[in-house]
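The block underneath contains the structure these notes are about, expressed in structure tokens.
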4 protein chains.
Amino acid sequence: MAKSDNTRLFIIETTAPLFNVYGYANTSLADITAATALSKGSIYGNFTNKDELAEAAFSYSAKQQNTALKEAIESVKTPLDKLNAIVTFFASNWAAIKKTGGCPLLNAAVEADDAAEYLKKTVKDSFTSWINTIASVLDAGVKAKTFSKDLDTKQTAALFVMIIEGGVLLAKTYNSNKHMQTAIDQLNHIIKSQILKK
Amino acid sequence: MAKSDNTRLFIIETTAPLFNVYGYANTSLADITAATALSKGSIYGNFTNKDELAEAAFSYSAKQQNTALKEAIESVKTPLDKLNAIVTFFASNWAAIKKTGGCPLLNAAVEADDAAEYLKKTVKDSFTSWINTIASVLDAGVKAKTFSKDLDTKQTAALFVMIIEGGVLLAKTYNSNKHMQTAIDQLNHIIKSQILKK
Amino acid sequence: MAKSDNTRLFIIETTAPLFNVYGYANTSLADITAATALSKGSIYGNFTNKDELAEAAFSYSAKQQNTALKEAIESVKTPLDKLNAIVTFFASNWAAIKKTGGCPLLNAAVEADDAAEYLKKTVKDSFTSWINTIASVLDAGVKAKTFSKDLDTKQTAALFVMIIEGGVLLAKTYNSNKHMQTAIDQLNHIIKSQILKK
Amino acid sequence: MAKSDNTRLFIIETTAPLFNVYGYANTSLADITAATALSKGSIYGNFTNKDELAEAAFSYSAKQQNTALKEAIESVKTPLDKLNAIVTFFASNWAAIKKTGGCPLLNAAVEADDAAEYLKKTVKDSFTSWINTIASVLDAGVKAKTFSKDLDTKQTAALFVMIIEGGVLLAKTYNSNKHMQTAIDQLNHIIKSQILKK
DNA sequence: CATGAATGAGTTTTCATTCAT
DNA sequence: TATGAATGAAAACTCATTCAT
């Protein structure tokens, strides 16, 4: 049981970047067996079908990113520092993120939307989780009276996600982190002008 | 010539929404012949392969959108009105855009990034064209002294694209135009606080 | 169209004995392509899936047998001669029938019963058609007053089918037409003692 | 030894109806482990391969049926009563027989004929055993001078098997025991008109 | 002995592309 | 130029069997 759990995790870890780079429909079982050096039978021994593996791999990628983001948040103290950690997270880790295919939520959201129906709910939940993480930092800042008390924290959190994903999109398209920087600059401007209490 | 050009255009027009909804790799020739009621031979008589058609279909979708945006811009006079037209474009046409699969640039950019290599250049050019369209409105506003003279118009145009695409992403994911509205509100805020001359 | 119909028929004719010999579930697409010297794609171009081909092949086998039986019936005149033609049909053609796998109705009925659900209806209809063919000969004999007027023709026809299939079963199992002869002897006895008017 | 013999028997008893219902080729090891709640290793510890188990399961089914038939025969005294017991055996137990997939000899004979070669001999032996059982009743009747002394007992026994199996075939195909009754009526008629001494 | 993870050859099916007509 | 039958490589998935633990 321990053994099979290990294999299952190994398959997920190994294929998560594959799926993120090539897309969920576009990653074949041949790609998966090549990457894992396991047989098809072994993959199917651990997952009922490709969709189940794809979803597990996406969940893993999303959770990985969320965990890393939360660690960045928890490594600092004040709500403002936490917010800054969120803002710089993508820019700081850009090289690694790009290498494993960019933001898994962006990729999966676009693919899931009209084709990969089975991913839809998981993607939505991942976005919600991300938005909630940001919103709770904003809430803490409001409570601590560092941030403006009129702030619609959920909506602002969603706005942060939009700007970050928009930045990721252009940064990947142009293979240039200049666009990532534009997004960050704007987020910092928003913090100063719309979030911080005056 | 006229006839074959007509057929070619008919194929492009008919398949463009198909590709946008289901993805470029995921749309099969069977889908294409079913949608067009044409034979495979007819498709291959007009395009050397599926990739060429996919690219033509994407270009068509992107151009359609750009043309519609330009029409919206040209229907009003002042740079500020033009900018407002840009901002409201996606929100106003959201129902139609959603039905045909959402923003083709967003979809193709994500798919092209690591998989559909052949689309990459076309996607980049389409984004550049979009950014330039916005930038030229900003430039006109600066020239007309309606907009702040310190404005980095290219960067601001890219920021507009990011926020719009981020809004589209969340609006499609949650099937809710509330998020589209959040994006628009922010763009309006940016116009007021960062673009308009004080 | 003519061409594809030819291919379709060729596939059916070629695979019908295969299915009858090896069973419907047990005949693989590799067997089918080997026997027809056609590609898998060609098979799937003519049939939506293996089940559809299997059913078409069974129908063909059943119809072939029924047609041959009817020809035997029509080649003679009196109801009694026709009945004798039915009785000797399997014994006379035993060599050929054995070579192509035995009675397709027997084989398919056994396989269809609990496994190949999709064949069930077609098999039932084939048996009904066979029983009706025999019953109509019996009816004609009754009408012509050669056969006893008290005859339950449907039930007697079914009895004929039972005895023939029972004979086929043992003849194939023991690879001996002695059992086929036993069945025929009994049918002749039934004709004399239960069917012919006294 | 006792333990492993018990396991072996348990596996055979549990899988015999499975094989009879779904067919020998069509019953997978997954079906077998699911039905027995045993591991694959456990199955392979008790049988060298699936074919060996299939044959053992068939033998078990055949023997079960033969034993039940013999019990029915031995529960009555006179050869005529014994013959009647044989005739009514299938009709009386039809519900149970149908539930476990019908007559295992019929099923296995059809499947074994051209596909499952390994079953062939066992099937033939089972039919022989059945025919002998009936023949010995007939022999006893002849010896007791109840039955006609000219009777070819082996051939008549084979005829009984044919009619019974023919009846089973149509009864299962049409899911109607009316056909079983037709077979029985005919057997009774044969007893009266061809077997009993006049 | 028993387990069940792993295998690899097998299964059915799909699909972009070609080419004789 | 148009057709659509045919292709063959590749897709997802299954399954009897093995073997390290």
Hey, is the side chain of A:Y44 poking within less than 4.0 Å of OP1 or OP2 on F:dT14, counting only N and O atoms? no

Taking the side chain of A:T7 as heavy atoms from C-beta outward, which of E:dA6, F:dA5, E:dT13 is closest to it? E:dA6

To the nearest Å, how far apart are B:F47 CZ and E:dT18 P? 16 Å

Quick one: on DNA chain F, does C:I43 or A:N49 contact a more 5' nucleotide (nearest heavy atom)? C:I43

Just to be sure I understand the rule, does C:T36 reach a base, reach only the sugar-phosphate, or reach nothing, if contact means heavy atoms closer than 4.0 Å? nothing

Taking donor-acceptor contacts at under 3.5 Å, does the side chain of D:K40 reach the base of F:dT18? no

Taking any heavy-atom pair under 4.0 Å as a contact, classify C:S39: base, sugar-phosphate, or nothing. base

Please figure out whether B:A25 or A:A37 has its closest DNA chain E nucleotide nearer the 5' end. A:A37

With a 4.0 Å cut-off, would you call D:K172 and C:E111 a salt bridge? no

Is the backbone N or O of A:V110 less than 3.5 Å from a side-chain atom of B:N107, with the two atoms forming a donor-acceptor pair by type? no

Spacing between A:K50 atom NZ and E:dT14 atom P, to the nearest angstrom: 15 Å

A:N46 CG to E:dT7 C1', straight-line distance once rounded to whole Å: 13 Å

For D:Y118, does its backbone N or O pair with a side-chain atom of D:D51 as donor and acceptor, under 3.5 Å? no

Taking the side chain as everything from C-beta on, heavy atoms only, tell me whether B:N20 gets closer than 4.5 Å to B:F58. no

Atom CD1 of C:I32 and atom C1' of E:dT12 are separated, to the nearest Å, by 10 Å

Could you tell me whether B:T33 contacts a base, only the sugar-phosphate backbone, or nothing, with contacts defined as non-hydrogen atoms closer than 4.0 Å? nothing

Of D:L29 and B:L38, whose nearest nucleotide on DNA chain F comes first from the 5' end? B:L38

Stems in DNA chain F, runs of 3 or more consecutive Watson-Crick or G-U wobble pairs with both distances under 3.5 Å, sorted by first number, are E:2-21 with F:2-21

Quick one: does A:L106's side chain get under 4.5 Å of B:L106's, heavy atoms only? yes

Applying side chain to side chain donor-acceptor pair (under 3.5 Å), can you list everything that pairs with A:K63, at least two apart in sequence or on another chain? none

On DNA chain E, compare the nucleotides closest to A:G45 and C:G41; which residue's is nearer the 5' end? A:G45

Can you tell me the distance, in whole Å, between the CZ atom of B:R8 and the P atom of F:dA2? 13 Å

If the condition is salt bridge (charged side-chain N to carboxylate O under 4.0 Å, His left out), which residues does D:K98 pass it with, not counting sequence neighbours? none

With a 4.0 Å cut-off on heavy atoms, is C:S28 in touch with a base, just the backbone sugar-phosphate, or nothing at all? sugar-phosphate

